[in-house]
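Working notes, structure below.
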Amino acid sequence: MKLSDSLFKTFREVPQEAEIPSHILLLRAGMIRKTAAGIYTYMPMGWRVVRKIEQIVREEMDAKGAQEICTSILQPSELWEESGRWAAYGPEMWRIKDRNGRPFCLGPTAEEIFTDIVRSGVDSHRQLPFMLYQITDKFRDEARPRYGMMRSRNFIMKDNYSFDKDHEGMMVSYQKMFEAYTNVFNRCGLTFRPVEADNGAIGGDSSHEFTALCEFGESEIAYCESCDMAATVEKAAFRDAEPDTCDMLPMEKVLTPGTKTIEEVANFLGLEKSQTIKALLFITYDEEGNEKEYVAAFVRGDRELNMTKLVNALGIREYEIAFADENAMHEKTGCVGGFTGPVGLHDCKVVVDSELVGLRNLCAGACEEDHHLINVNYGRDYTADIVTDLKTLKEGDPCPCCGKPVKHARGVEVGQIFTLGTKYSVPMGAVFKDEAQETKPIYMGCYGIGVSRTFQAIIDMPENHDENGIIWPMSVAPYHVIITEMKPGDEAQDALSEKIYNELLSRGIEVLWDDRDERPGVKFKDADLIGIPVRITVGKRAGEGVVEYKLRREADKTDLSWEDAVREAVNIVEREKRG
Ligand code: ATP
Ligand code: MG
């Protein structure tokens, strides 16, 4: 492609709305354009990268025997009613109506459609197992679209579904996808880590997220360097403190004026924070958004409440719960802002962290202004509606597997895999007849890759950008080689550039020829910004057949005969293009 023939525009200024390197650089390089909040257009060079990522995904899915199909992004509500998710999906779903008032959604994911396809096409065990996938636009009306393609309201996702006879078969499919995902992200040039994950709204029992590691990521993972524990912070289990063996002392009410925080009360009474109980107060909402019930959650004073664990314990979604207005809650439940404890609360659901059960003689709010209770003990003084692990595993906390201090890292979730079991096949009637002619539900798995998110995450890897721009890995680069012609119109330079251009094209190399009438400085800046892996500069020594050869990733420049430069370029492209 000659740059003079293409729609090509780069920008010097950092766009106002962009905060992270990948978003800034994609906008500056003219690879994407913003259309509306969370909605983007891929420009020619950006789209070439996306198509290469899609191709890598295709190759790895096909290698595991999955078959590609393409379903409509318009999905009728009836299918979602059958699975129970029409009401449950919440405000992220874009809901629309046809001219006759029939409800549809723009697919945020496609478990229902795939289950529907399979239930009408499969009847015998002989047809199982198999996998189907698609690479299509998905739509989610995200509460906070941001970071460009990282969290957009319309994005490209590869979604894959496996269909097996039993649990064992499902685990084989899951393992195949685990390997395929590892290959995809390696080939795309990501530094990533598979981590155990929460199943969220999809349901099912095991799940891994593939997290590309970078400081700008929205996900936080906890991992252990002494064993192989790695999990999202939402999911990471917590090892409870050892139960106390001392006796229960008599509970006492004490005056603690103005001590509304754990810190204040612990200081006032001369206690450790770990000798106190922290209260967090919530209100939940039903599917129509009406207030449902008050919830009081209790953890040890030095712990952090994990919202994912809390909503899972309550069997609700994140958007169905919010912090309670303490004054309103007081009327109904007797709680007192800053002085709430589990003793004396009424008419609200009490959820207690599991380790509190074994700890003795703790200090908690007395549900009375300026008062706390000391020597509070579970079982004797209060009980709970639910007892479960509610804690967030923080950096330095003991690893739930081996006890060594855990570490945290940030990253971007680029893919997630789930076992679904019969969660969709039972309510939707996706069944088959086994060898004994007995009707059984199909075991399913589902597997997603955020293609457009991956596109951006690649750039955020520290090795894939610098202060001058993007450094594309060869496997996904929009072009392999850029010929930077210093002075178009100069006879020798024109002739040599053309010769190199044609030679590279004939060897199957993707070449961009910067033949624009621009200053050399502008051309070098643009070549760096758009991140083409190999640059061949045709300049003053064109008459002798000599060019400058440079890799975007390295600082060295070498003068080479044009034939050598072509040979070098072909070699490196051949070596690296598969990723
Ligand atoms: P997140 O937790 O980031 O909201 P998710 O867990 O809801 O994502 P999945 O349902 O697992 O997402 O979707 C599969 C993949 O699609 C994700 O791993 C992610 O890479 C991508 N993805 C999800 N939401 C978005 C979005 N709003 N913009 C871009 N990519 C997305
Ligand atoms: Mg996910």
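Count residues from 1 along the sequence. Because only heavy atoms are used, hydrogens play no part in the values below, and waters and symmetry mates are left out as well, while side chains stay in.
- Two rings, from Phe282 and Phe323, have their centers less than 6.0 Å apart.
- There is no side-chain donor-acceptor pair under 3.5 Å between Lys278 and Thr276.
- Between atom OG of residue Ser83 and atom CD of residue Glu81 there is a gap of 8.5 Å, rounded to the nearest 0.5 Å.
- A donor and an acceptor atom, one from each side chain of Gln175 and Ser173, are nowhere located under 3.5 Å apart.
- Aromatic ring centres of Tyr382 and Tyr378 lie closer together than 6.0 Å.
- For the side chain to side chain donor-acceptor pair (under 3.5 Å) with Tyr424, the lone residue among Arg85, Arg119, Glu82 that qualifies is Arg85.
- The side-chain heavy atoms of Ile458 and Leu190, taken from C-beta on, include a pair separated by under 4.5 Å.
- Between the side chains of Ser354 and Thr388, not a single donor N or O lies within less than 3.5 Å of an accepting N or O.
- No donor-acceptor contact under 3.5 angstrom links the side chains of Asp198 and Thr308, judged on distance only.
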**Q.** Worked check of side chain to side chain donor-acceptor pair (under 3.5 Å) between Thr211 and Ser219
**A.** CA-CA 8 Å; Thr211 307; Ser219 307; 5.5 Å; no

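- Counting heavy atoms from C-beta on, the side chains of Pro108 and Tyr89 come closer than 4.5 Å.
- For the pair Arg95 and Trp86, the distance from NZ or CZ to the six-membered ring centre is under 6.0 Å and the angle to the ring normal is within 45 degrees.
- Of the possible donor and acceptor atoms, none in the side chain of Glu368 sits under 3.5 Å from a partner among the backbone N and O of Lys253.
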Q.
Let's go through Val295 and Ile283 carefully: what are the C-alpha distance in whole Å and the side-chain angles of both, what is the deciding distance for side-chain contact (heavy atoms from CB on, under 4.5 Å) to 0.1 Å, and is it a yes or a no?
A. CA-CA 6 Å; Val295 173; Ile283 179 137; over 6 Å; no

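- Residue Gly396 comes nearest to Pro405 through the heavy atom pair O-CB, 3.7 Å, listed as atom of the first residue, atom of the second, then distance.
- Between Phe210 and Tyr181, the angle of the ring planes lies from 30° to 60°, which puts this pair in the tilted group.
- Ring to ring, Phe178 and His208 are close: their centroids are under 6.0 angstrom apart.
- Ring geometry, Tyr174 versus Tyr447: the interplanar angle falls from 30° to 60°, so the pair is classed tilted.
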**Q.** Stepwise side chain to side chain donor-acceptor pair (under 3.5 Å) test for Thr256 and His372
**A.** CA-CA 6 Å; Thr256 53; His372 278 81; 2.7 Å; yes

Q.
Run Lys235 and Glu209 through salt bridge (Lys or Arg N to Asp or Glu O under 4.0 Å) and show every step you take.
A. CA-CA 11 Å; Lys235 169 79 178 178; Glu209 276 179 20; over 6 Å; no

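- Here the CE-CD distance, from Met428 to Glu111, works out to 10.0 Å after rounding to the nearest 0.5 Å.
- From Asp164, atom CG reaches atom CG of Asp166 across 7.0 Å, with rounding to the nearest 0.5 Å.
- Across all their heavy atoms, Gly107 and Gln75 have their closest contact at CA-NE2, 3.4 Å.
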